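The structure that follows is given in the form of structure tokens.
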Amino acid sequence: MSRPLSWRAELRRQLGRRRTLWVLGIVAALPLILVAAFSLDDDPGRPGDPTIRLVDLATGGGPNFAVFAFFVSAELLLFIVAALFAGDPVPAEASWASLRYLLTAPVSRARLLTSKLVIGFLSTAALVIALPVWALTVGTLAYGTEPFSILGGGELPWGEWLPRMALAIGYVLVMIAPIGAFSFWVGVRSQTPLAAVGGALILLIVSGILDSIDALGDWRKALPGHYSRAWLDLLVSGPIDWADLRHGALWAVLYTVLFVGLGYRRFRRQDILS
């Protein structure tokens, strides 16, 4: 029998929740929906427009399809997953009126938060990794094993594309962590699941709006989502430009540590009445 609040017990609790099953279903269905959508158009290009977009190359092979599916998911879906898995567990316990009973083992508040936060981030990481792997499987079956076609021209062979794609997945994981951490902090403060997830999405939307204002200049670089697409720099021919990737990762780590620290500080001091 698992001891109270062990990682194994928390993982079992999270896997049994309906919202987890819904997220798993969406991730599993997304590549299949994309294949079905592409099958409706024999010529995905735009007549008279010579510009090549990522979507125009999506049916060129398994790697291209996986990159496209990951790209559209990393725009919003993966941020929602991070906000849901990291921010929902603590306020969900409060909404069930079971939070205070979990602290009567006796169990420290830090241990409770750590258990839920670690499982939340591990669940997010598992889904972020599973999505491109599943999309690659579906894309390879649907469109073949052609090497990755680069937007600017040329190809990346499988042996070069795979490690770069793995780095891209790791980078996206780092970039969505601040949204999960912010959702965690809001959830601890409000003890309301909707406020936790909604607050994180509002942060993401406001950040995107501010990032589009050129008058802010270099201040935009400090916004959580400014470098969210820098992982595409990994999927080019020739040497990789690490500047944006490095800056994005450093800002993401800073925000993640800040919001997680604020969450622990708040939870340690507040009264638990639910």
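The first residue in the sequence is number 1, and the count goes up from there. Every value quoted in this text rests on a predicted model; they were computed, and no experiment measured them.
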Sub-3.5 Å donor-acceptor pair from the side chain of Ser183 to the main-chain atoms of Ala196, do we have one? yes
Side chains of Leu57 and Phe148: does their closest heavy-atom pair fall under 4.5 Å? no
Minimum heavy-atom distance Pro132-Ile129, with the two atoms named: CD-O, 3.2 Å
Test your reading of the model: is there a side-chain donor-acceptor pair from Tyr255 to the backbone of Ala222, 3.5 Å cut-off? yes
Between atom CG of Leu76 and atom CG of Leu201, what is the distance when rounded to the nearest 0.5 Å? 6.5 Å
Students often mix this up, so state it plainly: with edges at 30° and 60°, are the rings of Trp161 and Trp158 parallel, tilted or perpendicular? perpendicular
Any donor-acceptor pair under 3.5 Å linking the side chain of Tyr264 with the backbone of Thr114? yes
Could you check whether any side-chain heavy atom of Val174 comes within less than 4.5 Å of a side-chain heavy atom of Thr256, counting everything from C-beta outward? no
Tell me, please, which residues at least two apart from Phe71 pass ring pair (Phe, Tyr, Trp, His ring centres under 6.0 Å). none
Please report the C-alpha distance between Glu146 and Asn64 in whole Å, then the side-chain angles of each, then the deciding distance to 0.1 Å, and finally whether the side chain to side chain contact (heavy atoms under 4.5 Å, CB included) criterion is met. CA-CA 9 Å; Glu146 296 298 320; Asn64 282 85; over 6 Å; no
List in chain and number order the residues that pass ring pair (Phe, Tyr, Trp, His ring centres under 6.0 Å) with Phe68, two or more places apart in sequence or in another chain; answer none if no residue qualifies. Phe38
Side-chain touch Ile169/Val128, heavy atoms, less than 4.5 angstrom: yes
Nearest heavy-atom contact between Gly225 and Ser207 is N-OG, 3.5 Å
Does anything in residues 128-144 pair up under side chain to side chain donor-acceptor pair (under 3.5 Å), and if so which pairs, sequence neighbours excluded? none
Report yes if the side chains of Phe65 and Pro31 come closer than 4.5 Å at any heavy-atom pair, otherwise no. yes
Hey, does Ser73 have a side-chain heavy atom less than 4.5 Å from the side chain of Leu30? yes
To the nearest 0.5 Å, tell me how far Phe79 CZ sits from Leu84 CG. 15.0 Å
For the pair Arg220 and Asp214, find out whether any cationic side-chain nitrogen is under 4.0 Å from an anionic carboxylate oxygen. yes
Side chains of Ile213 and Leu210: does their closest heavy-atom pair fall under 4.5 Å? yes
Which word best sums up how the rings of Trp185 and Phe259 line up, parallel for under 30°, tilted for 30 to 60°, or perpendicular for over 60°? parallel
Would you mind reporting whether Phe184 and Lys116 have side-chain heavy atoms less than 4.5 Å apart? no
Student check: side-chain heavy atoms of Leu235 and Ile150 closer than 4.5 Å: no
